[in-house]
Amino acid sequence: MPEPSAADRILAAVRAIPRGQVAGYGEIARRAGLPGRARLAARVLSGNADPALPWHRVLRADGRIAFPEGSAGFREQSRRLRSEGVEVRNGRVRRARAAFDLDAEVWGVR
DNA sequence: CGGCTGACTCTAG
DNA sequence: GCTAGAGCCAGCC
């Protein structure tokens, strides 16, 4: 069978985010072997239909939720994050990158 | 082919 | 911490 499509690799990268942790769109794209394709990662998520996909663990580079504040998606994402112990303040997650990079070293990823 | 759009990112001020 | 502007990429009309 052919090698996985870009979208498949992005989805795999999203599924690899441990529970209770978060990653940025650019980070996901990079891990999928698509550096600089953050927008593609966002696009893939917008069209995903997999209920098991932890899409709520993906944030913007500055640790903010990518949805407009107050929107349905925004509330849903912050609710899911908090339910797994992630601290969400005013649409922003503390230590989005730091926490992830820390574990990245542990996993041997990079 | 041209133009618009978006769950993006980076740099400046 | 905030807003603006520019750069970027893929999909759609």
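The sequence lines fix the lettering, A, B, ..., with proteins before strands; numbering per chain opens at 1. A quick note: this is a predicted structure, and the numbers were derived from the prediction, not measured.
For A:R37, the salt bridge (charged side-chain N to carboxylate O under 4.0 Å, His left out) criterion is met by no residue, not counting sequence neighbours. Scored by the side chain to side chain contact (heavy atoms under 4.5 Å, CB included) test, A:R9 finds A:E3, A:P4, A:A6, A:A32, A:L34 as partners (sequence neighbours excluded). For the salt bridge (charged side-chain N to carboxylate O under 4.0 Å, His left out) test, residues two or more places apart in sequence or in another chain that qualify with A:R79 are A:E76. Shown here are the side chain to side chain contact (heavy atoms under 4.5 Å, CB included) partners of A:R92, two or more places apart in sequence or in another chain: A:R64. With sequence neighbours left out, A:A42 forms a side chain to side chain contact (heavy atoms under 4.5 Å, CB included) with A:Y25. Not counting sequence neighbours, A:S83 has no partner by the side chain to side chain contact (heavy atoms under 4.5 Å, CB included) test.
Across the C1' atoms, C:dC13 and B:dA7 are found 22 Å apart, a figure rounded to whole Å.
Using a 4.0 Å heavy-atom criterion, one finds that A:R39 contacts the bases of the nucleic acid, with or without backbone contacts as well.
Across residues 40-47 of chain A, A:A42, A:L45, A:S46 each have a non-hydrogen atom less than 4.0 Å from an atom of DNA chain B (numbered order). In the region residues 69-90 of chain A, proximity to DNA chain C at under 4.0 angstrom, judged on heavy atoms, holds for none of the residues. A heavy atom lying under 4.0 Å from DNA chain B marks none of the residues of residues 5-14 of chain A.
Rounding to the nearest 0.5 Å gives a distance of 7.5 Å between OG of A:S5 and CG of A:L11. Summarising the geometry, atom CD1 belonging to A:I17 is positioned 8.5 Å from atom NE2 belonging to A:H56; distances are rounded to the nearest 0.5 Å. Annotation: the span from A:F74 atom CZ to A:I65 atom CD1 amounts to 4.5 Å, rounded to 0.5 Å. Remark: A:S71 OG to A:Q77 CD distance equals 9.0 Å, nearest 0.5 Å.
In this structure the side chain of A:L53 reaches within 4.5 angstrom of the side chain of A:V14, judged on heavy atoms. Considering only heavy atoms from C-beta on, A:F67 stays 4.5 Å or farther from A:R75 through its side chain.
Residue A:R60 contributes atom CZ, which lies 11 Å from atom C1' of B:dG6 at whole-angstrom precision. Here the C1' atom of nucleotide B:dA7 and the CD1 atom of A:I28 are 13 Å apart, to the nearest Å. Spacing between atom CG of A:L53 and atom C1' of B:dA7 amounts to 12 Å, rounded to whole angstrom units. In this entry the distance linking OH of A:Y25 with C1' of B:dT9 reads 13 Å, nearest Å.
Taking the 5' to 3' direction, DNA chain C first and last meets chain A under 4.0 angstrom from a heavy atom at C:dG1 to C:dG11.
Contact detail for A:P51 and A:A49: the closest heavy-atom pair is CD-O, 3.2 Å. The two residues A:E84 and A:Q21 make their nearest non-hydrogen contact at OE2-N, 4.4 Å. For A:V88 against A:R82, the heavy-atom pair with the smallest separation is O-NH1, 3.3 Å.
Here side-chain hydrogen bond (donor to acceptor under 3.5 Å, both in side chains) pairs that include residues 41-54 of chain A, with residues two or more places apart or in two chains, number zero.
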Would you write the dot-bracket representation of DNA chain C, where each base gets (, ), [, ], | or . depending on whether it forms a Watson-Crick or G-U pair under 3.5 Å and with which partner?
.||||||.|||||
